[in-house]
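All remarks here apply to the structure that follows.
All heavy atoms count here, side chains included; hydrogens, waters and symmetry mates do not. Everything quoted here is computed from the prediction, not taken from an experiment.
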Amino acid sequence: MVEYLPHINASLNALATILLVCGYVMIRRRQEHAHRRVMLACFAVSILFLVSYCIYHSKAGSVRFPAYPPPWVRTVYLTILFSHIVLAAIVPFLAVATIYLGLRDRRESHRRLARWTFPIWL
């Protein structure tokens, strides 16, 4: 079953992306209740992704970067990977704080934090 997890992870990530964009569109249209439901669904999908991702990497082990590309490709890849890891580690905290502020109806604080959370999460 572990060999299917990358496909499941990609699907969950795609679904989370769609939900994030839909949530953004809904709030721009002032559809607050729909925005809330979609963003909570997005958070749930993201949690499923994280669980699946951790299971996969705990079972699959590490994969080394192949030797055949030119060295600069590896450097670019590892630079992007490093920034992705740092931002991915921050997103859950930003998302929880943003959701908390939204559910507590602290709109201005929610909006200010969401301006950072949304693009990083996306």
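The cluster map of Ile, Leu, Val, Met, Phe, Trp and Tyr, joined by side-chain heavy atoms under 4.5 Å apart, puts Ile27 and Trp121 in different clusters. One hydrophobic cluster holds both Leu20 and Leu40 under the rule that ILVMFWY side chains link at heavy-atom gaps under 4.5 Å. Both Val2 and Leu48 are members of a single hydrophobic cluster when ILVMFWY side chains are connected at heavy-atom separations under 4.5 Å. In the hydrophobic cluster analysis, where Ile, Leu, Val, Met, Phe, Trp and Tyr join through side-chain heavy atoms closer than 4.5 angstrom, Ile18 is grouped apart from Tyr24. There is a path of hydrophobic side-chain contacts, each under 4.5 Å, that joins Tyr56 to Val45.
Between Arg107 and Glu32 there is a salt bridge, since at least one side-chain N of the basic residue sits less than 4.0 Å from a carboxylate O of the acidic one.
Using modelled atom types, one finds no donor on one side chain facing an acceptor on the other under 3.5 Å when comparing Trp116 with Thr98.
Closest heavy-atom contact between Pro119 and Ala114: CD-O, 4.1 Å. Contact detail for His7 and Glu3: the closest heavy-atom pair is CD2-O, 3.9 Å. Across all their heavy atoms, Gly102 and Arg36 have their closest contact at O-NH2, 4.4 Å.
In this structure, the separation between CE on Met26 and CD on Gln31 is 6.0 Å, given to the nearest 0.5 Å. How far OG of Ser109 is from CZ of Arg104: 13.5 Å, rounded to the nearest 0.5 Å. Put simply, OH on Tyr53 and CG on Asn9 are 8.5 Å apart, with the number rounded to the nearest 0.5 Å. Within the model, atoms SG of Cys22 and CZ of Arg37 stand 12.5 Å from one another, a figure rounded to the nearest 0.5 Å. Between the OG atom of Ser52 and the CD1 atom of Ile8 there is a distance of 5.5 Å, given to the nearest 0.5 Å.
Leu94 is linked by a side chain to side chain contact (heavy atoms under 4.5 Å, CB included) to Ile90, Leu113, Thr117, Ile120, counting only residues two or more places apart in sequence or in another chain.
Looking only at side-chain heavy atoms (C-beta outward), Ser11 and Leu15 stay at 4.5 Å or farther from each other. Using a 4.5 Å heavy-atom threshold, the side chains of Leu19 and Met39 count as separate.
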Exercise for review: Before giving the answer on side chain to side chain contact (heavy atoms under 4.5 Å, CB included), spell out for Val21 and Leu122 the whole-Å C-alpha distance, their side-chain angles and the decisive distance to 0.1 Å.
Suggested key: CA-CA 8 Å; Val21 172; Leu122 189 59; 4.2 Å; yes
Practice item. Could you walk me through whether His110 and Tyr100 pass the side chain to side chain contact (heavy atoms under 4.5 Å, CB included) test, one step at a time? Key: CA-CA 8 Å; His110 171 76; Tyr100 174 81; over 6 Å; no
Just list the side-chain donor-acceptor pairs under 3.5 Å for residues 77-88, sequence neighbours left out, or say none.
| residue | atom | partner | partner atom | Å |
| --- | --- | --- | --- | --- |
| Thr79 | OG1 | Thr75 | O | 2.8 |
| Ser83 | OG | Ile80 | O | 2.9 |

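Heavy-atom neighbours of Phe118 CZ from other residues, nucleotides or ligands within 6.0 Å: above the threshold of 12.
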